[in-house]
Engineer: 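Okay, here's the structure, questions in a sec.
Just so you know, residue 1 is the first one in the sequence shown, and it goes up from there. As the structure lists them, so they are numbered: ligands from 1, and atoms in each ligand from 1.
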Amino acid sequence: MNLMELDYDAKMLSIQPEIIIREAKPFMELMMECKCALMEVETKLNVLNAEFALKYNRNPFESIKSRIKSPMSIVEKLKRKGYPLTVESMERNLFDIAGIRVICSFVDDIYAIAALLVQQDDITLLEAKDYIKSPKENGYRSLHLILEVPVFLAEKKKPMKVEVQFRTIAMDFWASLEHKLKYKKDISDAKEIFEELQECADIISNMDLRMQEIRNRIEEREDTNP
Ligand code: GTP
Ligand code: MG
């Protein structure tokens, strides 16, 4: 991200030039620190994946994606929630500037990896929202963790927040489609669509559990006939 982009976003969001001049440098510093925190947590996850793969002869992750929230979304969220438009306010109020999404094959792998990650002694678990055990009303399922991880910079050690979302492939499929559909405004039969999506989420969840049972049965056979 560069100053030109920031300036462009600022114009789009009608931010005063004084705010840009004052906040640009701390903003870029914060973005850099968030990127470092992402790299750290991503490495931790990749290490667990590699170890797990060796031990159980399969990868628990289908994919892992990191992103830094765009300046547009940061400002939009600060405005929406009524927080001041400063870098200090971003650090205090937004916990998802650095975000990682881990897509797993099976639900039990999600809990196994999440537990191994949060028990590491440089990780602090600030918040956990388990939308797998307690799905949202629309049927959304995922495990969300807000973690704090220290980033070692030249002159300081800084605790940084990272949001990690764990989902199965099926939950991700549902969430991606539901997200796309939400932006289609001409929904005349909204209630019906909402119920249909809820039902699809239940079917998907049931399928996840069945796939896990199939995997267990196959692994039991492997154990008895090595
Ligand atoms: P915000 O962080 O302000 O969005 O509110 P929150 O902290 O209460 O949100 P939550 O932790 O419940 O969800 C944060 C993120 O999870 C969102 O930005 C989405 O990526 C994802 N998410 C949550 N709910 C839904 C949903 O109903 N559908 C989809 N597709 N994604 C969701
Ligand atoms: Mg959030």
Side-chain angles (χ1 to χ4, degrees), residues 9 13 27 30-31 34-35 37-38 41-42 45 61-104 107 110-111 113-115 117-118 123-149 159-187 189-208:
D9 285 348
L13 292 155
F27 180 82
L30 179 63
M31 291 298 105
C34 284
K35 195 154 175 266
L38 271 186
V41 177
E42 203 173 329
L45 286 162
F61 298 173
E62 271 305 311
S63 70
I64 169 165
K65 281 178 217 134
S66 307
R67 68 103 182 88
I68 297 283
K69 211 175 183 67
S70 72
M72 285 282 260
S73 320
I74 290 172
V75 173
E76 183 277 318
K77 189 162 177 178
L78 286 174
K79 282 188 167 176
R80 177 163 46 90
K81 301 217 163 188
Y83 295 127
L85 285 189
T86 63
V87 172
E88 201 254 316
S89 156
M90 282 168 58
E91 291 202 73
R92 192 154 25 100
N93 300 311
L94 304 186
F95 300 165
D96 63 347
I97 300 176
I100 302 184
R101 186 168 291 153
V102 185
I103 312 295
C104 292
V107 180
I110 290 179
Y111 289 108
I113 298 285
L117 183 66
V118 301
I123 292 265
T124 309
L125 176 65
L126 298 181
E127 185 187 299
K129 287 190 196 162
D130 190 343
Y131 294 125
I132 299 174
K133 288 213 171 77
S134 314
K136 288 179 81 165
E137 208 202 334
N138 60 2
Y140 175 77
R141 286 166 172 82
S142 280
L143 175 65
H144 294 185
L145 306 179
I146 309 284
L147 307 175
E148 201 164 60
V149 61
M160 298 295 303
K161 294 180 184 71
V162 177
E163 180 177 84
V164 189
Q165 298 181 349
F166 291 92
R167 298 174 180 170
T168 62
I169 306 166
M171 292 171 195
D172 189 51
F173 163 71
W174 184 94
S176 311
L177 289 185
E178 188 263 358
H179 183 74
K180 268 184 211 160
L181 294 172
K182 258 199 259 189
Y183 290 96
K184 303 246 183 248
K185 297 283 184 244
D186 55 343
I187 303 171
D189 47 358
K191 188 166 175 281
E192 199 182 303
I193 290 175
F194 186 84
E195 287 168 2
E196 193 81 16
L197 278 166
Q198 269 180 331
E199 197 185 320
C200 286
D202 289 341
I203 293 169
I204 275 173
S205 162
N206 186 266
M207 194 188 70
D208 264 339

Engineer: Between ligand 1 and Y131, can you find any atom pair, the residue atom being a heavy atom, that is separated by under 4.0 Å?
Structural biologist: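 The answer is yes: ligand 1 sits under 4.0 Å from a heavy atom of Y131.
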Engineer: Is the closest N or O pair between K77 and ligand 1 shorter than 3.5 Å?
Structural biologist: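 For ligand 1, there is an N or O atom that lies under 3.5 Å from one belonging to K77.
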Engineer: Within the structure, does H144 bring an N/O atom to less than 3.5 angstrom of an N/O atom in ligand 1?
Structural biologist: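 N/O-N/O distance below 3.5 Å exists for this pair.
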Engineer: Give the atom numbers and elements of ligand 1 that come within less than 4.0 Å of a heavy atom of A175.
Structural biologist: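 With A175 as reference, the close atoms of ligand 1 come out as 30 (N).
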Engineer: If you define the side chain from C-beta out and look only at heavy atoms, does anything of I74 sit under 4.5 Å from M31?
Structural biologist: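 They are in contact (side-chain heavy atoms under 4.5 Å apart), so the answer is yes.
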Engineer: At less than 4.0 angstrom from any non-hydrogen atom of N138, what atoms of ligand 1 do you find?
Structural biologist: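 Those atoms are 26 (C), 27 (O).
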Engineer: How close do L78 and S89 get, heavy atom to heavy atom, and via which atoms?
Structural biologist: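 Smallest heavy-atom distance, with atoms named: CD2-OG, 3.6 Å.
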Engineer: Under a 4.0 Å threshold between the charged nitrogen and the carboxylate oxygen, would D96 count as salt-bridged to K77?
Structural biologist: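 Between D96 and K77 there is a salt bridge, with a charged N closer than 4.0 Å to a carboxylate O.
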Engineer: Which ligand 1 atoms, with their elements, are less than 4.0 angstrom from a heavy-atom of R101?
Structural biologist: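 Result: 20 (O).
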Engineer: Nearest heavy atom to atom 17 (C) of ligand 1 wins, so pick from E137, Q165, K129.
Structural biologist: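 Looking at heavy atoms only, the winner is Q165.
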Engineer: With only distance considered, is R80 within less than 3.5 Å of ligand 1 through an N or O on each side?
Structural biologist: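 It does not: no N or O of R80 is found under 3.5 Å from an N or O of ligand 1.
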Engineer: I need the atoms of ligand 1 closer than 4.0 Å to a non-hydrogen atom of D96, numbered in the order shown.
Structural biologist: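 So the atoms of ligand 1 that pass are 2 (O).
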Engineer: Side chains of R167 and Y140: do they bring a donor and an acceptor to under 3.5 Å?
Structural biologist: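 Their side chains do contain a donor-acceptor pair, which is all the 3.5 Å distance test asks for.
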Engineer: Could you say whether the N/O atoms of S176 and ligand 1 ever approach to under 3.5 Å?
Structural biologist: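 Among all N and O atoms of S176, none is under 3.5 Å from an N or O of ligand 1.
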Engineer: Between the candidates R141, K180, E178, which shows the shortest non-hydrogen contact distance to atom 28 (N) of ligand 1?
Structural biologist: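 The option holding the nearest heavy atom is E178.
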Engineer: Quick one, I100 and V162 - any side-chain contact, counting heavy atoms below 4.5 Å?
Structural biologist: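 Result yes, sub-4.5 Å side-chain heavy-atom pair found.
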Engineer: Which residue, V164, I110, D172, forms the side-chain contact (heavy atoms from CB on, under 4.5 Å) with V102?
Structural biologist: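 Considering V164, I110, D172, a side-chain contact (heavy atoms from CB on, under 4.5 Å) with V102 is found only for V164.
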Engineer: Need the ligand 1 atom indices (1-based, order shown) with element for anything under 4.0 Å from a heavy-atom of K81.
Structural biologist: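 Taking each heavy atom of K81 in turn, ligand 1 has 3 (O) under 4.0 Å.
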